[in-house]
Amino acid sequence: MSKVTSALVIGGGIAGPVTALALARAGIRATVHEAHDSAADGVGAMLSLAPNGLDALRIVGADEVVRAVGQPVPGVVMADGAGNRLAEFGGFPGLPPTLAMPRAALFRALADHAVAAGVRIEYGRRLVSAEETSEGVTATFADGTTATADVLIGADGIRSTVRTLIDPGAPGPEYGGVLSFGGYAHDGGVRAEPGVMHFAFGRTFIGYWRLPDGRICWFASLPRTEPLTYAEVVRVPAADWLARLRDLYAGHVPGEKLLAGTDPGDLMITGPMERMPSVPHWHRGRMVLVGDAAHAPSSSSGQGASLAVESAVELARCLRDLPLHGAFGAFAAFERLRRPRVEMVGGDAAAKNKAKAGQAGDRPAMPTPEQMFAPVHLHHIDWDAPVIA
């Protein structure tokens, strides 16, 4: 077929606006269609954007707007549950620091930047079906409206509708064996240097860092064999979950102090920890998946947002340089470029989930921080290099 000039991007979260920005740089006009009636302001807990994600955002000109809402946390300290420091890491020379921020702040920064750059985002457009012809693909939405373009890109998250349109037998999210929580704690004598992310392992795990206002933001997991939906989790009073977490982390350094210094009103409930298992089919015809719809690695990876941004940029490069169809077409090249990397990160996150759920068995020797972060943080996309089929 001739060069792709237009795209429908389904999903207005984090991957959607970045995909549209990257496509625009590749000369492809894209409209983002979001199912909800309004922007997801205030939705979600905290997340981090790693150096590789910031490097990819630089390509679409969105790195500075994200820096403006993120807190730099370049350092990492790993410790055991007794408070003994095991390793320290200050980041790789020449790379930007990891940024910590509310998910809502990242979403708003990216969405606003995309709109300012000329990207159209339409809300209340819940995809129900798509029909392909030799000339394009037409999306039909729940409100009865339709839209047509050369390609349709599913950036619609871990419960992707586009994924089921591409492959009705596609797997869904996989429960990681734990419920995820976060919160804001008063100091309570916990050692937490500004600009440092702490990871405390042991029978249980907790991560934490100091916020600019002096409070400490933490994230932790509660093992549970039977999954609960997010709706089921939030129906339980926050004080009850906090009491269970305090029991679990009794004697843990510094988990016990952090949880004691957290009020129920400051508890963040993120629900079941989930990841996408290997998705057999990323694309079919004129439809393709990007971001969490194809490769959500779970929050244990610290790479969900960064991988989504990388994939958005790589997809745009492939559509810029290659024809759409065939074994050497744009979608096939995109999958070849991305699948090994995202499945490596996802597999590592799955192992961490098992450890958090108490299912890991004998724990292997912990890698050094440099060994742990090098494969992900040092990744760089050369936008100007042509994609070779």
Side-chain angles (χ1 to χ4, degrees), residues 1-12 15-33 56 59-60 114 118-120 122 125 127-141 146-156 160-170 278-295 307-342 381-389:
M1 67 169 286
S2 59
K3 177 176 171 59
V4 170
T5 62
S6 61
L8 307 175
V9 179
I10 308 301
V18 179
T19 299
L21 285 165
L23 291 171
R25 182 162 184 195
I28 299 168
R29 182 181 71 260
T31 300
V32 177
H33 299 269
I59 294 170
V60 298
V119 172
R120 184 176 177 181
E122 296 189 356
R125 296 290 186 265
L127 181 72
V128 294
S129 65
E131 182 178 354
E132 298 181 63
T133 70
S134 60
E135 300 299 322
V137 56
T138 297
T140 298
F141 302 101
T146 62
T148 300
D150 292 333
V151 295
L152 184 149
I153 299 169
D156 50 344
S160 169
T161 297
V162 179
R163 187 172 63 235
T164 62
L165 294 179
I166 290 173
D167 177 11
S278 181
V279 175
H281 305 289
W282 284 21
H283 58 90
R284 176 176 64 81
R286 293 175 176 270
M287 297 187 290
V288 66
L289 303 173
V290 71
D292 281 357
H295 53 67
L307 290 184
V309 171
E310 286 182 5
S311 288
V313 171
E314 290 285 32
L315 177 59
R317 288 181 65 233
C318 291
L319 287 169
R320 177 195 67 189
D321 294 346
L322 299 173
L324 181 59
H325 293 303
F328 299 101
F331 289 169
F334 167 65
E335 183 173 348
R336 285 195 298 270
L337 277 172
R338 296 300 295 161
R339 186 182 283 275
R341 174 168 170 77
V342 300
I381 299 171
D382 186 350
W383 174 263
D384 295 323
V387 177
I388 306 300

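Remember, predicted model here, so these are calculated numbers, not experimental data. Throughout, numbering of the chain's residues begins at 1 and tracks the sequence.
For the pair Phe141/Val128, no side-chain contact is recorded, criterion being any heavy-atom separation below 4.5 Å from C-beta on. Side chains of Ile28 and Thr5 form no contact here, defined as non-hydrogen atoms less than 4.5 Å apart. Looking at heavy atoms from C-beta onward, Thr148 lies out of side-chain contact with Val137 at the 4.5 angstrom threshold. The side-chain heavy atoms of Leu152 and Glu132, taken from C-beta on, include no pair separated by under 4.5 Å. Counting heavy atoms from C-beta outward, Glu310 and Arg341 have side chains that approach closer than 4.5 Å. Within the 4.5 Å cutoff, the side chain of Val9 has heavy atoms near those of the Leu23 side chain. Side chains of Met287 and Val151 form no contact here, defined as non-hydrogen atoms less than 4.5 Å apart.
Once rounded to the nearest 0.5 Å, the distance linking CZ of Arg163 with NE2 of His283 reads 15.5 Å. With values rounded to the nearest 0.5 angstrom, Arg317 atom CZ is found 11.0 Å from Arg25 atom CZ. To the nearest 0.5 Å, atoms CZ (Arg320) and CH2 (Trp383) are separated by 5.0 Å. Taking CG from Leu319 and NZ from Lys3, the interatomic distance works out to 8.0 Å, rounded to the nearest 0.5 Å. Annotation: the span from Arg125 atom CZ to Leu8 atom CG amounts to 12.0 Å, rounded to 0.5 Å. The distance from atom CG of Asp292 to atom CG of Leu307, rounded to the nearest 0.5 Å, is 9.0 Å.
Looking only at atom types and distance, the side chain of Arg286 has no donor-acceptor partner in the side chain of Thr133 under 3.5 Å away. Side chains of Ser311 and Arg338: a donor on one and an acceptor on the other come within 3.5 Å.
The closest donor-acceptor contact from the side chain of Thr140 to the backbone of Ser129 lies at 3.5 Å or more, if one exists at all. No donor-acceptor distance shorter than 3.5 angstrom exists from the side chain of Ser160 to the backbone of Asp156, with no hydrogens or angles considered. Judged by distance alone, the side chain of Asp321 and the main-chain N or O of Val387 form a donor-acceptor pair under 3.5 Å. Distance alone, capped at 3.5 Å, places no donor-acceptor pair between the Asp150 side chain and the Gly136 backbone. Between the side chain of Arg284 and the main chain of Leu165, a donor-acceptor pair closer than 3.5 Å is present.
Ring geometry for Trp282 versus Phe334: interplanar angle of 30 to 60°, hence tilted.
Summarising the geometry of Ala15 relative to Gly291, their closest heavy-atom pair is CB-CA, 4.4 Å, with the distance given to 0.1 Å. Residues Thr164 and Thr161 approach most closely at OG1-O, 2.7 Å, considering heavy atoms. Of all heavy-atom pairs between Ala56 and Val313, the closest is O-CG2, 3.8 Å. Taking every heavy atom of both residues into account, Ala114 and Leu21 meet most closely at CA-CD2, 3.8 Å. When all heavy atoms of Ala26 and Ala316 are compared, the closest pair comes out as CB-O, 3.7 Å. Across every non-hydrogen atom of Val279 and Ala294, the tightest pair is CG2-O, 3.4 Å.
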If you apply the rule side chain to side chain contact (heavy atoms under 4.5 Å, CB included), what do you find for Leu127 with His33, and how did you get there? CA-CA 8 Å; Leu127 181 72; His33 299 269; over 6 Å; no
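Checked against Val162 for a side-chain contact (heavy atoms from CB on, under 4.5 Å), the options Val290, Val288, Ile153, Ile10 give a single hit: Ile10.
Within 6.0 Å of CZ in Arg339 there are more than 12 heavy atoms belonging to other residues, nucleotides or ligands. Around atom CD of Glu122, more than 12 heavy atoms belonging to other residues, nucleotides or ligands sit under 6.0 Å away.
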